[in-house]
Amino acid sequence: KSSPIEQQPNLAAVRFDQLARLPRGPRAGFARRHAASLRALVAAANSGGLVGEIWVASGTYRPDRGSGARSATFQLPPFVSIFGGFVGGETSLAERRPRIHRTILTGDLAGNDDGTFNASNATDNCRHVVTGPPSSDGPAWANLDGFVITGGWADGHEPDDRGAGLLCIGSSPILGQCEFVMNSARRGGGAVFAGYYSNPVVRNCVFAINSGGNGGANSLGRVGLACA
């Protein structure tokens, strides 16, 4: 069965709700499945500004469509707010509970990471779990709120040696109520790397067990942030 956004790709709302209920507001949407979440991001990016928000239900999401490609990433669409922490029946942002209904974006493509998170089981992880929105006219913003970002393993060459959790290249995302946990970069910014005129905003986020070489993970304590 087709999802509503596939039937009407120019809707001003993105609702990936498997019950196929009609949107109750101009900015509502649910992404309940891995594939649906990717389609939601693509639809938002190609909507010409019609899609303003995407609501994502709790669950674990991987960016590779099952291919195992380490280059796979969740790229944030410009000028779109993406909210996690839903169950599926909410009608307002105030009803979500991101700390309870955890919405996880993971780079653990094989599903074999454990609590220690080391090279023996992470070298097949994607290099950047999330990347900032693309922009040709200066840094673009996007809002990511209520997600757990984990399992990024940036062990490649520039820029694939930094920003394992989130890589910002000329972009300025707004991060709220997110948790960056167990991401590692060979060079810098195990959790977040922001460079090349990026200017991210971080609010009420948690950083734990992130690492990076060349001081990247230690430039702001142990949070795994690096700016260049």
Donor-acceptor pair, Asn183 side chain versus Gly152 backbone, under 3.5 Å? yes

Please report the closest heavy-atom contact between Gly151 and Asp113, naming both atoms and the distance. CA-OD2, 4.2 Å

How close do Asp161 and Ala185 get, heavy atom to heavy atom, and via which atoms? O-CB, 3.6 Å

Please answer: with hydrophobic residues joined when any side-chain heavy atoms are less than 4.5 Å apart, are Val148 and Leu167 in the same cluster? no

What's the spacing between His101 NE2 and Glu95 CD if we round to 0.5 Å? 10.5 Å

Considering only heavy atoms from C-beta outward, does the side chain of Pro77 approach that of Pro133 to under 4.5 Å? no

For a 4.5 angstrom cut-off between non-hydrogen side-chain atoms, does Pro78 reach Pro134? yes

Heavy-atom distance under 4.5 Å between the side chains of Glu53 and Ile82, does that happen here? no

Would you tell me whether Asn121 and Asn112 have side-chain atoms, one donor and one acceptor, within less than 3.5 Å of each other? no

Phe74-Phe147 co-clustered via ILVMFWY side chain contacts under 4.5 Å: yes

To the nearest 0.5 angstrom, please state how far the CE atom of Met182 sits from the CG atom of Asp108. 8.5 Å

Check whether any side-chain heavy atom of Leu166 sits under 4.5 Å from a side-chain heavy atom of Leu175, and report yes or no. yes

4.5 Å side-chain heavy-atom contact, Pro98 and Arg96: yes

I'd like to check Ile149 versus Val181 (side-chain heavy atoms, cut-off strictly below 4.5 Å). Are they in contact? no

So, are Asp155 and Arg127 salt-bridged, with charged N and O less than 4.0 Å apart? yes

Spell out, as yes or no, whether a donor-acceptor pair under 3.5 Å connects the side chain of Ser81 to the backbone of Asn143. no

Identified side-chain contact (heavy atoms from CB on, under 4.5 Å) partner of Phe180 from the options Ile209, Val202, Val192, Val129: Val192

So, do Leu144 and Ile174 sit near enough that their side-chain heavy atoms are less than 4.5 Å apart? no

After noting the C-alpha distance and the side-chain angles of Tyr61 and Thr103, does the key distance pass the side-chain contact (heavy atoms from CB on, under 4.5 Å) rule? CA-CA 8 Å; Tyr61 299 86; Thr103 309; 3.8 Å; yes

Between Trp55 and Phe86, does the ring centroid distance fall short of 6.0 Å? yes

Rounded to the nearest 0.5 angstrom, the CH2-NE2 distance for Trp153 and His128 is 14.0 Å

Checking side-chain polar atoms at under 3.5 Å, does Thr60 have a donor or acceptor matched by the opposite partner on Thr106? no

To the nearest 0.5 Å, what is the distance between CZ (Arg70) and CG (Asn125)? 7.0 Å

Taking atom CD1 of Ile100 and atom OG of Ser58, what is their separation to the nearest 0.5 Å? 11.0 Å

So Val80 and Ile54, do their side chains get closer than 4.5 Å, heavy atoms only? yes

Determine whether the side chains of Asp145 and Gln177 contain a donor N or O and an acceptor N or O closer than 3.5 Å. yes

To the nearest 0.5 angstrom, please state how far the OG atom of Ser171 sits from the CD atom of Gln75. 8.5 Å

Could you tell me which non-hydrogen atom of Pro63 sits nearest to which non-hydrogen atom of Ala72, and how far apart they are? O-CB, 3.6 Å

Note: Ser198 and Ser172 closest approach over all heavy atoms is C-OG, 4.0 Å

